[in-house]
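Note that the coordinates shown come from a computational prediction; the quantities given were computed from them, not determined experimentally. Residue numbers run from 1 in the order of the sequence given.
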Amino acid sequence: MDIQENLRAIWCKVLDLDEIPAGASFTDIGGSSIQLIAMLLHVGNAYQVEIAIDDFIGDPTLARLEQCVRQQQAAATDGAPTAATAPDADTFPLLPVHYWLFERIDVNHYNVGHLYRLTAQDQPQHLRAAIGAVLRQHDGLRILLRRDDAGQWQQQLQTPDGMASWWHEEDLQATPEHLLAEEINRICDGYQARIRVEERAFSAVYFDLGGERGARLFVLLHHILIDNISEKILFNDIASAYRALRAGQPVRLTAAGRRVGDWARLLHDHAQGPALAHYAYWQAQNWDGYRPLPADPAPASLPVADGAIAALGFASRSLSSAATTRLIELQRLQAVDPSYVVMAALQQAFHTWSGSEILALAMVHNGRIYQTIPDANVLQTVGWMINYATLYLRNPEQLQGVALVESIVRQAKAVQDDALSLTCLKYMNRDAAVREAMARLPLYHIGFNFIPFASASTEEFIFERASEPCGEGEKWFSPEIKPFMNVLLAGQQLKLSMGFSPCMYAPSTIEALLDGVVAQLETILLS
């Protein structure tokens, strides 16, 4: 298979399409920013090259991608270096999502851990050096949260040599096979508990199992370091560095994107200037019809330690295959974003469920491209770049079906800039009066996260995922945490899941809301 045909197959996989039209643009045939990064990582793994987004996005076609691959292969042959110089220590403002995190859970217990299976040929010195190169490349992996002299939280960047010890080796050669999984889980759980945003936020643990049993690699990060896009960039870079070191070659990594400190300062400056242009918009809104989130009169009685609970409830529902097929058709044939269809159904179901005419959604998004902030493209940046923006959705005309979806699209697009300004003004503006006024706006009802396709979120790493559990850490949530909905569109199935506080809701209450959303989706899509 020649390069372009292989690239075409990768596009089909990432976009979940059977074929790619000749001369098609990746973005014009439905490729999202998440799928774009996933596609470039697949290409990088296939050809052991690093394609920068900026080199491709101006002409996002298969022909241009083939050209990029051939250029990178030629550069690798010529030995062109792409080494990064780690910046000095630095301190910069929090992002709005950090404040949101503080409101929801104990900030010290929000970890992401991955356990991988290694062979006896995978040497720890190569792994350590590969991860060390990536830590130098991406400053977002070296961030801690610390209080300044005034007691205010700040992000603090460490130098690579200034980090708390992050590489650890565990000898389990003498552990019997039947106790191995339990011992790995116990040790990983201990590392999970040691993650503290003021002291350490990253660890890598090499488990030597002995002989043919091989080894395990445990990579552990606090969530302040990484989001789902960053995760792909991180593990792709580790794989690239590891392959080079194992082959005795120099490490070449794609230049990192805008650094996290630069992004934080850009957003902070935006809060003092351009975001203020939207202040009048928020103060002029009519909140008639808004009702607070209802709670069950007698939810579950759970133990609460220091004002927090250790477990959330979860409920899920799936859309019928016929309705999901129609949803995919709308996206492919009419360029209708499926997330807006789900929002329309949720708005109707929520109105019936709660009595509120306004649905306030906290839209969780990766926030990596902003038209309103010059030079804010952080698509190649590793860090916790997630932002959230509250959308207040209404249906005063009592629209139904496609007409309602069109109304939701107009509402969402009309306030895109204002949505970013809400969190900037609420958390980052220096004027206390502005922050207080923004804090008085109605609170969001439900968190919302739409994941477009399984193929876009699947990590293909150089190592296989291990089957053993790798610890839970301790996750403590506020008893009053708001419900949050994750929507996954994977293949021919749309799955809705909702996390919630058992101190606020019985499972049957949340299930009733999800049943209402599914019923509305079926009506919109099949009527």
Side-chain angles (χ1 to χ4, degrees), residues 81-95 97-98 101-102 107-114 124-170 190-206 217-227 230-231 233-235 237-238 240-242 245 250-268 378 380-385 473:
T82 57
T85 300
D88 295 333
D90 194 9
T91 300
F92 40 87
L94 297 184
L95 299 174
V97 71
H98 291 124
L101 175 67
F102 293 158
V107 69
N108 275 322
H109 306 292
Y110 198 36
N111 306 334
V112 181
H114 300 289
Q125 65 269 26
H126 291 152
L127 288 165
R128 180 174 184 173
I131 295 173
V134 174
L135 288 173
R136 297 187 66 85
Q137 179 85 347
H138 296 290
D139 66 327
L141 296 171
R142 293 182 271 112
I143 285 173
L144 298 176
L145 301 186
R146 287 179 173 169
R147 294 185 186 273
D148 59 20
D149 294 340
Q152 300 298 311
W153 287 101
Q154 299 282 323
Q155 295 191 74
Q156 188 170 98
L157 174 65
Q158 309 161 89
T159 63
D161 295 336
M163 295 178 66
S165 178
W166 56 267
W167 178 261
H168 312 275
E169 296 187 19
E170 299 284 346
Y191 283 103
Q192 294 260 17
R194 285 183 233 170
I195 294 291
R196 291 288 186 273
V197 295
E198 294 185 81
E199 302 169 2
R200 65 176 70 241
F202 178 89
S203 289
V205 186
Y206 177 85
L217 175 67
F218 181 46
V219 181
L220 174 65
L221 309 96
H222 191 284
H223 228 319
I224 63 168
L225 303 185
I226 199 162
D227 57 30
S230 295
E231 196 169 78
I233 300 169
L234 166 65
F235 285 104
D237 277 359
I238 291 176
S240 178
Y242 178 71
L245 290 166
V251 173
R252 301 183 180 93
L253 299 175
T254 300
R258 179 169 291 279
R259 299 193 179 277
V260 176
D262 294 339
W263 166 241
R265 293 185 180 97
L266 277 174
L267 207 56
H268 188 266
V378 288
Q380 284 296 117
T381 301
V382 171
W384 199 33
M385 311 307 293

Do His98 and Trp384 have their ring centres less than 6.0 Å from each other? yes
Atom CG of Leu225 and atom CG of Leu220: how far apart are they, to the nearest 0.5 Å? 9.5 Å
Compute whether any side-chain donor of one residue and acceptor of the other, for Ser230 and Asp227, lie under 3.5 angstrom apart. yes
Using the test salt bridge (charged side-chain N to carboxylate O under 4.0 Å, His left out), find all partners of Arg146 that sit at least two apart in sequence or belong to another chain. none
May I ask you to decide if Leu144's main-chain N or O and His222's side chain share a donor-acceptor pair within less than 3.5 Å? no
Partners of Glu199 by side chain to side chain contact (heavy atoms under 4.5 Å, CB included), sequence neighbours excluded? Arg196
To the nearest 0.5 Å, what is the distance between CG on Leu135 and CH2 on Trp167? 11.0 Å
Going from CD on Gln125 to CG on Leu245, what distance comes out if it is rounded to the nearest 0.5 angstrom? 10.0 Å
side-chain contact (heavy atoms from CB on, under 4.5 Å) for Phe218 and Glu170? Distances and angles first, verdict last. CA-CA 11 Å; Phe218 181 46; Glu170 299 284 346; over 6 Å; no
Asp90 side chain vs Leu157 backbone, donor-acceptor pair below 3.5 Å: no
What closest approach, in Å, do Met163 and Leu141 show between heavy atoms, and which atom pair accounts for it? CE-O, 4.0 Å
Using side-chain heavy atoms (C-beta onward) and a distance below 4.5 Å, is Ser203 in contact with Arg194? no
Please walk me through it: do Trp263 and Phe92 pass side-chain contact (heavy atoms from CB on, under 4.5 Å)? CA-CA 10 Å; Trp263 166 241; Phe92 40 87; over 6 Å; no
For a side-chain contact (heavy atoms from CB on, under 4.5 Å) check, start with the C-alpha distance between Val251 and Gln137, then their side-chain angles and the critical distance, and finish with the verdict. CA-CA 11 Å; Val251 173; Gln137 179 85 347; over 6 Å; no
Looking at CD1 of Ile238 and CG of Leu253, how far apart are the two atoms once the value is rounded to the nearest 0.5 Å? 10.0 Å
Compare all side-chain heavy atoms of Leu267 with those of Leu95 and state whether any distance is below 4.5 angstrom. yes
Do you know the tightest heavy-atom contact between Val260 and Gly140? CG2-CA, 3.7 Å
Any idea which heavy atoms bring Gln155 and Pro93 closest together, and the distance? NE2-O, 2.9 Å
Do you know which two heavy atoms are closest between Phe202 and Ile195, and how far apart they sit? N-CD1, 4.1 Å
Search all heavy atoms of Val382 against all heavy atoms of Leu234 and return the closest pair with its distance. CG2-N, 4.2 Å
Gap between atom CD1 of Ile226 and atom CD1 of Ile143 - 0.5 Å precision: 12.0 Å
In sequence, state the C-alpha distance, the side-chain angles, and the governing distance for Thr91 and Asp148, and then conclude on side-chain contact (heavy atoms from CB on, under 4.5 Å). CA-CA 10 Å; Thr91 300; Asp148 59 20; over 6 Å; no
Of all heavy-atom pairs linking Arg136 and Arg142, the shortest is O-NH2, 3.5 Å
Look at the side chain of Arg258 and the backbone N and O of Thr381, then say whether any donor-acceptor pair between them is shorter than 3.5 Å. no
First locate atom CD of Gln152, then atom CZ of Arg147, and finally report the distance between them rounded to the nearest 0.5 Å. 8.0 Å
